[in-house]
Amino acid sequence: MIHQLFPNLALNIWMFLKLVTGFAIIIAYLNISGRSQVSQMNAIDLVGNFILGGLVGGVLYTTNISFHEYVIALLIGVGILLTLTRFCRKINIFRNVTIGRQIPIIKDGRFLMENIRDKNNKIDMLNIASQLNIQGIYSFDDVYFAQVEPSGAITAITDKKKLPALIIYYDGVIRANDLEDVGLSEEDLMEDMKRRNIEKLEDIFLAEIKDGQFRYVLMDGNVIPHTRHDGRDGAPTKAPHSPGAAAALANGLTSPQKGG
């Protein structure tokens with residue numbers, strides 16, 4: 001009787017089982033990778049999700065692929081995506097190629113034409129103007145500094161006193177390219193750490209250049225140097241040992257760079 005009412009019952013149960021399994025594996029991957037929302041995803045995540053979704057959808061309506069082969073294929077895909085994500089976090093060159101870097105397009109009110117006209121960057125000034133309008137900036141003449149973020153969003157500054165900080169160390173990786181952008185080196189970072197009595201990089205969660213000097217967020221959550229309520233730091237900083245480093249830090253801006 002049941003077979004007469006549901007002639008494809010076995011097939012439907014099989015499809016349901018494969019769908020639930022695929023759904024569970026993909027959700028587990030998103031949670032492990034920390035990409036539980038679309039706004040957190042980068043290009044690798046989006047492409048990978050299309051591939052995993054296509055794999056699940058393609059297997060649902062076929063019986064030519066066994067269940068264990070289907071699960072193995074999903075696990076291989078998830079493993080590759082997690083490996084690529086790990087590479088992006090730990091290898092700067094790989095991150096620059098796959099995700100990209102911020103691309104400065106305006107500095108000191110001057111258009112950086114070498115970045116804007118670079119075909120690899122694919123800068124669309126009409127789109128940028130539209131994004132500036134959304135931010136309440138209605139003329140390029142009002143922009144002191146602007147850059148295109150890896151996500152495609154625009155960071156625009158009209159007040160030179162509120163320039164964005166530049167992250168030069170994060171998650172155990174020194175961002176050497178960003179240090180070079182402000183005329184500094186890893187040696188400058190290590191020297192400043194010594195002045196701050198920070199013994200090793202493993203003690204640091206994140207380091208940035210803000211207001212012309214290094215700032216550190218330690219693993220225990222403390223910030224060095226600690227900023228007082230009046231906006232000044234609690235301790236002075238000596239000038240970096242490199243000849244051009246002091247001038248670079250005083251500038252506080254990223255220099256013109258190519259987008260990766």
Side-chain angles (χ1 to χ4, degrees), residues 33-35 39-45 84-107 112 115 121 144-157 159-196 198 200-227 231 233 237 240 242 244-260:
S33 63
R35 302 294 196 269
S39 60
Q40 299 172 324
M41 295 182 184
N42 55 44
I44 292 179
D45 297 317
L84 292 176
T85 300
R86 183 69 175 177
F87 281 167
C88 284
R89 291 178 178 176
K90 295 296 182 181
I91 303 176
N92 287 326
I93 295 178
F94 188 83
R95 179 183 179 86
N96 294 340
V97 172
T98 56
I99 299 178
R101 298 180 62 199
Q102 64 272 17
I103 307 172
I105 56 174
I106 300 176
K107 176 183 175 183
L112 304 179
N115 287 347
N121 293 336
Y144 179 80
F145 174 83
Q147 67 183 20
V148 181
E149 304 295 344
S151 64
I154 305 298
T155 296
I157 306 297
D159 185 352
K160 64 181 181 180
K161 296 180 181 179
K162 298 181 179 179
L163 293 172
L166 182 66
I167 296 176
I168 46 83
Y169 176 85
Y170 174 64
D171 196 20
V173 179
I174 295 177
R175 300 170 62 84
N177 291 336
D178 292 316
L179 275 171
E180 293 175 0
D181 287 339
V182 291
L184 299 175
S185 65
E186 294 184 20
E187 289 73 19
D188 293 313
L189 174 62
M190 303 306 294
E191 286 291 329
D192 192 79
M193 286 173 54
K194 291 180 181 179
R195 285 191 288 271
R196 303 291 186 183
I198 302 175
K200 54 185 183 298
L201 286 170
E202 288 74 14
D203 296 331
I204 303 172
F205 172 70
L206 179 148
E208 64 181 9
I209 295 177
K210 179 176 173 59
D211 296 335
Q213 67 177 346
F214 289 106
R215 292 177 185 270
Y216 308 93
V217 179
L218 303 183
M219 284 297 185
D220 60 8
N222 289 323
V223 179
I224 298 178
H226 178 67
T227 303
D233 294 317
T237 303
S242 298
L249 279 177
N251 187 13
L253 282 174
T254 55
S255 61
Q257 61 188 13
K258 300 286 183 181

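Note that the coordinates shown come from a computational prediction; the quantities given were computed from them, not determined experimentally.
Distance CG/L166 to CZ/R215: 14.0 Å, rounded to 0.5 Å. Here CD1 of I224 is found 4.0 Å from CG of L218. Values are rounded to the nearest 0.5 Å. Of the inter-residue distances, the one linking E208 atom CD with D178 atom CG reads 12.0 Å to the nearest 0.5 angstrom.
In this structure, L201 and I174 approach most closely via the heavy-atom pair CD1-CD1, 3.7 Å. The nearest pair of heavy atoms linking F214 to P225 is O-CD, 3.5 Å. Shortest non-hydrogen contact noted between T155 and E149 is OG1-OE2, 2.6 Å. Between L184 and D188, the shortest heavy-atom distance links the atoms CA-OD2, 3.4 Å. Minimum interatomic distance between M219 and E202 (heavy atoms only, all atoms of both residues): CG-O, 3.5 Å.
A donor-acceptor distance shorter than 3.5 angstrom exists from the side chain of N115 to the backbone of P104, with no hydrogens or angles considered.
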Item to check | Audit row: Y169, F205, ring pair (Phe, Tyr, Trp, His ring centres under 6.0 Å) steps and yes/no | outcome: CA-CA 8 Å; Y169 176 85; F205 172 70; 9.0 Å; no

Checklist entry - Does the side chain to side chain donor-acceptor pair (under 3.5 Å) test come out yes or no for Y216 and D203, once each step is laid out? => result CA-CA 10 Å; Y216 308 93; D203 296 331; over 6 Å; no

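With contacts defined as side-chain heavy-atom distances shorter than 4.5 Å, the pair I154/V148 qualifies. Residues I105 and N121 have side chains not in contact (no heavy-atom distance under 4.5 Å, counting atoms from C-beta outward).
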